[in-house]
Amino acid sequence: MSPDHAEALPDAAALGLRSDCGSCFGLCCVALPFAASADFAIDKDAGRPCPNLQTDFRCGIHAELRPRGFSGCTVFDCFGAGQKVSQVTFGGQDWRRAPGTARQMFEVFPVMRQLHELLWYLAEALARPAARPVHAGLRAALEKTEALTRGGAEELAALDVPAHRGEVNALLLRASELVRAEVPGRKKDRRGADLLGARLKGARLRGASLRGACLVAADLTGADLRTADLIGADLRDADLSGADLTGALFLTRAQLDAARGDAATRLPAALSRPAHWQSG
C-alpha cells in the first residue's frame with residue numbers, strides 16, 4: 001500500500017469512534033436496560049436513569065464500578081455514539097432540560113451505537129492491504145453508514161438496522177476471508193461455535209474464524225489467535241493470559257475488557273492492555 005493511500009484511510013479518531021463521556025448526556029446509563037446479575041448489582045429498565053448517574057451526567061461510582069457489582073458498565077463501549085447523539089443529532093440539548101426529547105433520544109442511541117460499531121469494523125477492514133479487492137465496496141459502505149449517522153432523529157429511529165448490518169457484514173466477511181487466506185495452512189472454522197468454558201490452552205487458532213463464537217470462561221491461555229476473526233465473539237471471563245492476538249480481526253476494546261489477560265498477552269497495535277488485567 002502506498003503512503004498516500006495509507007494516509008487516506010479513515011481511522012477511529014477521524015470518524016469520532018472513541019467514546020467521549022464528557023460530551024455525552026449519560027445515555028448508556030439511561031437508555032439501556034440491565035438485569036441484576038454477575039455484571040450488574042441491580043435491575044434497571046430502559047429509559048430509567050441509573051441511581052449512580054449524577055446531575056452532571058457523570059457516574060458517581062466510576063472508580064469503584066467493579067467492586068460495587070457493576071462490571072458490566074466497565075466493558076461497555078458505545079464507539080462514540082453517545083456524543084454523536086448528544087451533540088449532533090440533538091444539537092447539545094440534553095434530556096433533563098428538554099424532557100420532551102428523552103424518549104426519542106433513548107430510542108436513537110442504540111441505533112447510533114450499532115452504526116458506529118459498523119464504522120469501526122469498516123475502518124479496520126479498509127486498513128488491511130489483503131482486503132484491497134473489496135476496498136471500493138468497503139469505502140462505499142463506510143460512506144453510506146457515516147451518512148446515516150448524520151440523519152435526523154426520526155430517520156434514525158425508523159432505520160432498518162438489521163438490513164443495513166446484513167449488507168455491511170457480507171463485505172466484512174469477504175474482507176476477513178481475504179486477510180485470513182494469507183495465513184499458511186488450513187484454518188479452523190468455529191463460526192458461532194458454543195465454546196463455553198472450553199479448554200483451549202495453547203490451541204492453534206491462527207487465522208481461524210471465531211465469528212460470533214461463545215467463548216465465555218474459555219481457557220485460551222497461550223493460544224495462538226494471530227489473524228483470527230473475532231467479530232462478535234463473546235470473550236466474557238475468557239482467560240487470554242499469554243495468548244497471541246497479534247493482527248486479530250475485528251477485536252474490540254470491549255471484548256478485551258470483558259476477558260482476562262496478563263502482561264504476556266500480545267495484542268493488536270491499535271488496542272491497549274486493560275487496566276484490570278494482571279500486571280505480572
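All values derive from a computational prediction rather than experimental measurement.
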- Dump the intermediate steps for side-chain contact (heavy atoms from CB on, under 4.5 Å) on Cys59 and Gln54, then the final yes or no. CA-CA 6 Å; Cys59 176; Gln54 302 181 125; over 6 Å; no
- After noting the C-alpha distance and the side-chain angles of Ser272 and Arg253, does the key distance pass the side-chain hydrogen bond (donor to acceptor under 3.5 Å, both in side chains) rule? CA-CA 8 Å; Ser272 58; Arg253 178 58 189 263; 2.8 Å; yes
- Show your reasoning for whether salt bridge (Lys or Arg N to Asp or Glu O under 4.0 Å) applies to Glu107 and Arg103. CA-CA 6 Å; Glu107 287 179 355; Arg103 181 188 60 78; 2.8 Å; yes
- Evaluate salt bridge (Lys or Arg N to Asp or Glu O under 4.0 Å) for Asp224 paired with Arg206, printing each intermediate quantity in order. CA-CA 6 Å; Asp224 184 356; Arg206 184 181 181 188; 5.2 Å; no
- Message: Pair Leu220, Asp239 - check side-chain contact (heavy atoms from CB on, under 4.5 Å), show working.
- Response: CA-CA 5 Å; Leu220 287 161; Asp239 193 346; 5.9 Å; no
- Report the C-alpha separation of Met105 and Phe25 in whole Å, then their side-chain angles, then the decisive distance to 0.1 Å, and conclude whether the side-chain contact (heavy atoms from CB on, under 4.5 Å) test is met. CA-CA 10 Å; Met105 191 179 293; Phe25 301 140; 4.3 Å; yes
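In this structure, Leu225 is not a member of the same hydrophobic cluster as Val183, with clusters built from ILVMFWY side-chain heavy atoms closer than 4.5 Å. Note on Phe40 and Leu32: separate hydrophobic clusters, where clusters join Ile, Leu, Val, Met, Phe, Trp and Tyr whose side-chain heavy atoms are under 4.5 Å apart, directly or indirectly. When the side chains of ILVMFWY residues are joined at heavy-atom separations under 4.5 Å, either directly or via intervening members, Tyr121 and Leu142 end up in a single hydrophobic cluster. Hydrophobic clustering, with ILVMFWY side chains joined whenever heavy atoms are under 4.5 angstrom apart, groups Phe57 together with Val85. Both Met112 and Val161 belong to a single network of hydrophobic side chains, linked directly or stepwise wherever heavy atoms of I, L, V, M, F, W or Y lie under 4.5 Å apart.
In this structure, Phe34 and Asp39 have side chains that are not in contact, with every pair of non-hydrogen atoms separated by 4.5 Å or more. The closest side-chain heavy-atom distance from Leu115 to Leu119 is not below 4.5 Å. Looking at Cys214 and Leu195, their side chains never come closer than 4.5 Å, going by heavy atoms from C-beta outward. In this structure, Leu251 and Pro268 have side chains that are in contact, with non-hydrogen atoms separated by less than 4.5 Å. Taking 4.5 Å as the limit, every side-chain heavy atom of Ile231 sits out of range of all side-chain heavy atoms of Leu249. Using a 4.5 Å heavy-atom cutoff, the side chains of Arg266 and Arg226 are not in contact. The shortest distance between side-chain heavy atoms of Phe76 and Asp257 does not fall below 4.5 Å. At least one side-chain heavy atom of Val88 sits under 4.5 Å from a side-chain heavy atom of Arg150.
Between the side chains of Arg66 and Thr74, a donor-acceptor pair is found at a separation under 3.5 Å. In the model, Arg96 has no side-chain atom that pairs as donor or acceptor with a side-chain atom of Thr55 under 3.5 Å. In the model, Lys84 has a side-chain atom that pairs as donor or acceptor with a side-chain atom of Thr149 under 3.5 Å. With hydrogens and angles left out, the side-chain atoms of Asp77 and Ser19 include a donor and acceptor closer than 3.5 Å.
Shortest non-hydrogen contact noted between Ala270 and Arg18 is O-NH2, 4.3 Å. Nearest heavy atoms, Glu155 versus Gly151: OE1-CA, 3.5 Å. Residues Ser86 and Cys24 share a closest heavy-atom pair of OG-CA, 3.5 Å. Nearest heavy-atom pair, Ala153 versus Phe90, reported as atom, atom and distance to 0.1 Å: CB-CZ, 3.8 Å. Looking at every heavy atom in both residues, Ala259 comes nearest to Trp277 through O-NE1, 3.1 Å. Residues Ala131 and Leu178 approach most closely at CA-CD1, 4.0 Å, considering heavy atoms.
To the nearest 0.5 Å, atom CG of residue Leu271 and atom OG1 of residue Thr265 are 12.5 Å apart. With rounding to the nearest 0.5 angstrom, the CD atom of Glu124 is 9.5 Å from the OG atom of Ser176. Rounding to the nearest 0.5 Å gives a distance of 7.5 Å between CG of Leu230 and CG of Leu215. The distance from the CG atom of Leu148 to the NE2 atom of His164 is 5.0 Å, given to the nearest 0.5 Å. Interatomic distance, Glu117 CD to Thr145 OG1, rounded to the nearest 0.5 Å: 12.0 Å. Atom-to-atom distance recorded for Thr101:OG1 and Asp94:CG is 7.5 Å, nearest 0.5 angstrom.
Judged as a salt bridge (charged side-chain N to carboxylate O under 4.0 Å, His left out), and not counting sequence neighbours, Lys188 has no contacts. Every residue was checked against the salt bridge (charged side-chain N to carboxylate O under 4.0 Å, His left out) condition with Arg191, not counting sequence neighbours, and none meets it. Partners of Ser71 according to the side chain to side chain donor-acceptor pair (under 3.5 Å) rule, which considers only residues two or more places apart in sequence or in another chain, do not exist here.
More than 12 heavy atoms of other residues, nucleotides or ligands shown are found within 6.0 angstrom of NZ on Lys44. The local environment of CD in Glu154 is sparse, with at most 12 non-hydrogen atoms from other residues, nucleotides or ligands closer than 6.0 Å. Enclosure of atom CZ in Arg236 is not indicated, since only 12 or fewer non-hydrogen atoms of other residues, nucleotides or ligands lie within 6.0 angstrom. At most 12 heavy atoms of other shown residues, nucleotides or ligands fall within 6.0 angstrom of atom CZ in Arg204.
Listed for the Arg273 side chain is a donor-acceptor partner under 3.5 Å among the backbone atoms of Asp262. For Thr221 (side chain) and Asp219 (main-chain N/O), no donor-acceptor pair under 3.5 Å exists by modelled atom type. Between the His135 side chain and the Arg128 main chain, a donor and an acceptor come within less than 3.5 Å of each other. In this structure, the side chain of Asp43 engages the main chain of Ala36 through a donor-acceptor pair within 3.5 Å. Counting only distance, with no hydrogens or angles, the side chain of His116 and the backbone of Leu17 share no donor-acceptor pair below 3.5 Å. Under a 3.5 Å cut-off, the side chain of Asp45 and the backbone N or O of Pro33 do not form any donor-acceptor pair. Without hydrogens or angle criteria, Gln83 side chain to Ser23 main chain gives no donor-acceptor distance under 3.5 Å. For the pair Gln255 (side chain) and Ala233 (backbone), a donor-acceptor distance under 3.5 Å is present.
Aromatic rings from Phe79 and Trp120 are positioned such that their centres are separated by under 6.0 Å. Trp95 and Phe109 have their aromatic ring centers separated by at least 6.0 angstrom.
Using a cutoff of 4.0 Å between basic side-chain nitrogens and carboxylate oxygens, Asp229 and Arg211 are scored as salt-bridged.
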